[in-house]
Amino acid sequence: MQIGVPRELHPDEHRVAIIPADAKKLVKAGAEVVVEADVGVGSGFGSDDYGEAGAKIINDRKELLAQSDLILRVRKPDLGEIETLKKGCIHISYLDPFNESGLIEAFSRREVSAISMEMIPRTTRSQKMDALSSQANLAGYAMVLLAAAKLPRIFPMMMTPAGTLKPANVFVIGVGVAGLQAIATAKRLGARVTAFDTRAVVAEQVQSLGAKFLDIDLGETGETKQGYAVQLTSEQLKKQKEGQKKQIAGSDVVITTAQVFGRKPPVLVTGDMIDQMEPGSVIVDMAAESGGNVEGSVPGETVEVNGVKIIGDGNWPNLLAHDSSRMYSSNLSNFIEEFWNADLKNMVLDFEDEILQGCVITHQGEIVNETIKNLNK
Ligand code: NAD
């Protein structure tokens, strides 16, 4: 089986889908790995490293796309490239399948088996393949460092002959994978951290990191079978905003990571709350690119509202492209390994498998994923 790894085309994408160490594993398993020249340059993996790993390096992207049986990338492909793929190949990347019906139809027309990394079920068995978690974890870390760099204060308490500096107050809204890492990172830097999530089960995790859980009574909030938050009613959302107002006003840094799977993120920090914050304070909106938790955040930018900086950079793992590539590549190679047939030296898709039922979107000219198939019904 030929595995092709094209360069990421988005100008702000520095990650690479497969790092040399994982290319080596795939070659050892019997695959022929072909990478586009300079594929790892943005994340600090040189062509020599890929060569030493046993991968073939080629300049001709079209040839790579047309001849590979399995294509691996980070970002979803450009629509135009889909018809240049080998008919019937497997294609694995982020896909944003809830919002990319055009891409999905194009994959289907080309009879490609398109696999969406964000749709891998979050089960114990699939933890090692879970790119949402590996990338969110690094995002949580990166967001705190960005906030610390923009804040005109320090995070820890400091007692010096020149006076005592109080620790910064950090408020984290949304305590999934990214939120937990944001709390841990802010604690490591010495901040005083408070957090809130609609899933009451996370209160204990917050406390175990030495942070305080903000108590807001929203009544029954629930969570899905997969552990995701359920969308709040407008009444609950109102209560949440009311309950966190004071906390936000007293925070030097607010980090929002609240998501509801398959839906637009809720707006939780509004203009009137931002107005109550001290000038110089910083807000990081993890969800800026997908609609935003914070009123006024701009995807890809840092803006200032009444002296408060709102960071909406997005693609946070990209700031740590070396390590995020290591983790993404490991998720991908674990996934391939799980479905690798050693005799055939091929990846074989078994549709009885619950992981594949969750993440294969198109196969043999049809949309096979139940969730995506039923989206507009
Ligand atoms: P996510 O990115 O979907 O959402 C981030 C957080 O935002 C969640 O904790 C959610 O409850 C919270 N949220 C939603 N609406 C909110 C609101 N109005 N106010 C405050 N917070 C709000 O979450 P995630 O990081 O992808 O994790 C989702 C779940 O999946 C978690 O329960 C996690 O433990 C679970 N998970 C399981 C596995 C596994 O078992 N393999 C792996 C990773 C994650």
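Start at 1 and go down the list; that is how both ligands and their atoms are numbered. Only a predicted model underlies this, so the values are computations on that prediction, with no experimental measurement involved.
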Min N/O separation Val177 to ligand 1 under 3.5 Å: yes
Between Thr256 and Asp285: side-chain donor-acceptor atoms closer than 3.5 Å: yes
CA sep, side-chain torsions, deciding dist, call: Leu132, Val177, side chain to side chain contact (heavy atoms under 4.5 Å, CB included): CA-CA 9 Å; Leu132 282 184; Val177 179; over 6 Å; no
Non-neighbouring partners of Arg153 that pass salt bridge (Lys or Arg N to Asp or Glu O under 4.0 Å), sequence neighbours left out: Asp252
N/O separation below 3.5 Å, Tyr228 to ligand 1: no
Structural part of Val175 in contact with ligand 1, heavy atom criterion under 4.0 angstrom: backbone
Contact (N/O only, under 3.5 Å) between Thr123 and ligand 1: yes
Sub-3.5 Å N/O-N/O distance, Arg122 and ligand 1: yes
Any non-hydrogen protein atom less than 4.0 Å away from atom 32 (O) of ligand 1: yes
Sub-3.5 Å N/O-N/O distance, Thr124 and ligand 1: no
Gly176 N/O under 3.5 Å from ligand 1 N/O: yes
Residue portion contacting ligand 1 (non-hydrogen atoms closer than 4.0 Å) for Ala258: both
